[in-house]
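Report on one structure; see the data block that follows.
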Amino acid sequence: MSRRVVVTGMGAVTPIGIGVKAYWEGITQEKIGFAPITRFDAAEYKCRLAAEVKDFLPENYMDKKSARRMELFCQFAVAAAGEALQDAGLDMEKEDAYRVGCSIGSGIGSLQAIEREYARLLEKGPSRVAPLFVPLMISNMAAGNVSIAFGLKGKSLNVVTACATGTNSIGEAFRAIQYGDADVMVAGGTEGAVSPIGIAGFTSLTALSDSTDPARCSLPFDKDRSGFVMGEGAGVVVLEELEHATKRGAHIYGEVLGYGCSSDAYHITSPAEDGSGAAKAMENALRDGKVKPEEMTYINAHGTGTHHNDLFETRAIKLAFGEHAGDLKINSTKSMVGHLLGAAGAVEFIACVKEIEEGFIHRTVGLKESEEELDLNYCRESYREEVPYALSNSLGFGGHNASILVGKLRNL
């Protein structure tokens with residue numbers, strides 16, 4: 001029999017607040033993190049808005065020497081992991097470090113390091129490329145640096161599935177504990193890709209909103225949506241085997257119940273038009289968690305604000321839930337924080353856990369009116385009600401679909 005897995009700690013670095021408390025307050029206050037790009041001069045760019053993390057000082061979360069050996073995405077990960085471990089009250093001196101693992105992914109790694117060192121290569125020659133360029137740039141260094149910072153010697157994973165990375169990272173950590181590979185996993189996603197080549201590339205792909213109005217740029221499920229807004233940050237949770245958590249008296253936020261995946265096997269950027277791939281991931285997560293579709297009341301959608309995603313995800317929900325889809329409350333946290341790419345699923349998982357804990361489903365901020373086929377309840381208003389289960393969806397370029405099901409702790 002597989003082991004039960006619970007959430008005992010959470011940490012977040014987001015465009016609407018650093019720390020889970022500030023992040024959640026931002027959500028309940030319907031705060032938006034969108035503003036003109038400050039990380040570089042975007043005057044000549046078609047897209048000039050992003051959801052940047054504000055007032056982040058790495059020396060508040062690590063020593064300066066360590067910070068200098070990390071790019072921004074790794075700094076975010078270490079900061080969020082530190083908060084999550086502190087929140088969990090996990091004393092590594094009392095743990096078997098080889099039973100405590102790490103599953104933290106980044107969709108991209110450091111574009112900034114690539115830009116900086118390529119410019120140096122062209123200007124000064126190959127011998128002047130920084131010796132640490134590769135370990136600064138590669139995406140697995142988020143998991144590597146977190147493991148080093150906190151002495152996590154168990155299974156160490158770096159899942160890269162584009163915008164599904166955060167959800168897959170938590171899901172694979174869930175599986176590792178379920179089947180005995182670890183007792184504790186520090187899991188989540190991180191991203192720091194607000195950079196010239198990042199913004200230019202996604203703009204050329206016509207994926208980004210070109211709105212100049214922070215209040216009308218990230219509009220999931222709205223008829224005026226024009227693309228997503230690039231976000232940055234990290235979300236990290238501590239997952240723990242239930243008996244291990246109860247023995248040490250840990251606070252339990254909720255239970256991870258199910259995890260489902262699929263591949264569209266269709267297109268490198270577009271989801272399957274009929275929603276069949278995403279629907280299968282949701283169905284698999286519910287089946288894994290032994291929850292019937294009609295028992296569900298809430299979905300935290302991938303909801304990017306692109307035309308294709310919101311339409312095809314709606315079709316997927318209808319496929320997976322049938323007539324019950326009309327009874328679901330569906331929202332998008334990206335309406336406030338933008339799209340954190342590899343970190344998106346992780347910060348949205350944290351939002352789900354808080355919504356369950358607080359009995360609160362947040363509004364999809366900015367949503368005014370949807371077109372004809374988008375006829376589900378996308379939460380034009382917030383709701384205060386019991387949330388027994390939350391299903392969080394993430395869909396990544398390449399056709400990666402991941403859904404994770406979390407709920408209140410079931411009876412022991």
Side-chain angles (χ1 to χ4, degrees), residues 7 10-34 51 53 80 163 166-167 170 188-189 214-222 225 228-229 231 233-235 237 253-254 296-305 309-310 313-314 317 325-340 343-370 374 376-395 403-408:
V7 182
M10 300 190 292
V13 176
T14 81
I16 59 172
I18 298 174
V20 171
K21 184 176 184 291
Y23 171 49
W24 179 245
E25 286 176 354
I27 285 176
T28 59
Q29 295 166 8
E30 300 181 359
K31 183 178 179 181
I32 57 172
F34 314 115
V53 172
C163 306
T167 298
I170 295 171
R216 298 295 295 166
C217 58
S218 183
L219 301 172
F221 304 109
D222 192 279
R225 67 190 185 279
F228 72 80
V229 178
V237 296
Y253 286 101
M296 292 297 302
T297 60
Y298 167 60
I299 295 175
N300 189 297
H302 189 54
T304 61
N309 175 90
D310 296 2
E313 189 174 8
T314 294
I317 292 169
D327 297 324
L328 295 169
K329 294 180 176 69
I330 302 159
N331 64 7
S332 173
T333 307
K334 293 180 180 71
S335 65
M336 289 177 272
V337 301
H339 193 348
L340 275 63
V347 298
E348 289 156 14
F349 179 87
I350 291 170
C352 287
V353 172
K354 291 298 294 182
E355 285 172 309
I356 290 168
E357 182 184 43
E358 301 291 337
F360 178 82
I361 298 173
H362 74 71
R363 184 166 81 92
T364 299
V365 176
L367 175 59
K368 293 182 178 179
E369 184 181 349
S370 300
L374 272 64
L376 301 179
N377 181 356
Y378 306 109
C379 295
R380 290 175 176 80
E381 59 183 310
S382 60
Y383 298 89
R384 289 206 171 273
E385 63 183 47
E386 184 178 1
V387 184
Y389 306 109
L391 186 67
S392 182
N393 289 339
S394 293
L395 318 176
S403 296
I404 196 157
L405 178 67
V406 62
K408 295 181 178 181

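The chain is numbered in sequence order, starting from 1. Predicted model only: the values in this text are computed from it and were never measured.
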Which heavy atom of [X] sits nearest a heavy atom of [Y], and at what distance?
X    : Y    : answer
A343 : A234 : CB-CA, 4.1 Å
G345 : S394 : CA-OG, 3.6 Å
A346 : G235 : CB-O, 3.2 Å
V406 : C352 : CG1-CB, 4.1 Å
F34  : S218 : CZ-CB, 3.3 Å

[X] [atom1] to [Y] [atom2] distance, which is reported to the nearest 0.5 Å:
X    : Y    : atom1 : atom2 : value
L376 : I330 : CG    : CD1   : 4.5 Å
T28  : F360 : OG1   : CZ    : 6.0 Å
S382 : I361 : OG    : CD1   : 9.5 Å

Item to check | salt bridge (Lys or Arg N to Asp or Glu O under 4.0 Å) contacts in which one or both residues fall within residues 17-29, not counting sequence neighbours | outcome: K21-E25
Has [X] got a side-chain atom pairing as donor or acceptor with [Y]'s backbone, closer than 3.5 angstrom?
X    : Y    : result
D310 : P220 : no
S370 : F221 : yes
E355 : H362 : yes
S335 : T364 : no
N300 : S392 : no

side-chain hydrogen bond (donor to acceptor under 3.5 Å, both in side chains) involving [X] - partner list, sequence neighbours excluded:
X    : value
Y378 : T314
S403 : N393
E369 : none
K329 : E385

Salt bridge (charged side-chain N to carboxylate O under 4.0 Å, His left out) partners of [X], counting only residues at least two apart:
X    : value
R380 : none
E313 : none
K334 : E348

Item to check | Modelled atom types, side-chain donor and acceptor of N377 and Y383, under 3.5 Å | outcome: yes
Checklist entry - Of all residues at least two apart in sequence or in a different chain, which pass the ring pair (Phe, Tyr, Trp, His ring centres under 6.0 Å) check with Y298? => result none
Item to check | Partners passing ring pair (Phe, Tyr, Trp, His ring centres under 6.0 Å) against H302 (at least two apart in sequence or in another chain) | outcome: H339
Checklist entry - Can you list the steps and then say if I404 with L391 is a side-chain contact (heavy atoms from CB on, under 4.5 Å)? => result CA-CA 6 Å; I404 196 157; L391 186 67; over 6 Å; no
Checklist entry - Given T14, which of V347, V20, T333 fulfils the side-chain contact (heavy atoms from CB on, under 4.5 Å) condition? => result V347
Could you tell me whether the side chain of [Y] reaches within less than 4.5 Å of the side chain of [X], counting heavy atoms only?
X    : Y    : value
K368 : L219 : no
Y23  : V337 : yes
F349 : T167 : no
T297 : Y389 : no
E30  : R363 : yes

Item to check | M296/L328 under side-chain contact (heavy atoms from CB on, under 4.5 Å): CA gap, chis, key distance, verdict | outcome: CA-CA 7 Å; M296 292 297 302; L328 295 169; 4.0 Å; yes
Checklist entry - Which one of E358, E357, E386 satisfies the salt bridge (Lys or Arg N to Asp or Glu O under 4.0 Å) criterion with K408? => result E386
Checklist entry - Given the rule in the side-chain contact (heavy atoms from CB on, under 4.5 Å) test, do I16 and I32 qualify, once you have shown the distances and angles that lead to the verdict? => result CA-CA 6 Å; I16 59 172; I32 57 172; 5.7 Å; no
Item to check | Listed partners of V13 passing side chain to side chain contact (heavy atoms under 4.5 Å, CB included), at least two apart | outcome: I18, V53, F56, F76, A79, A80
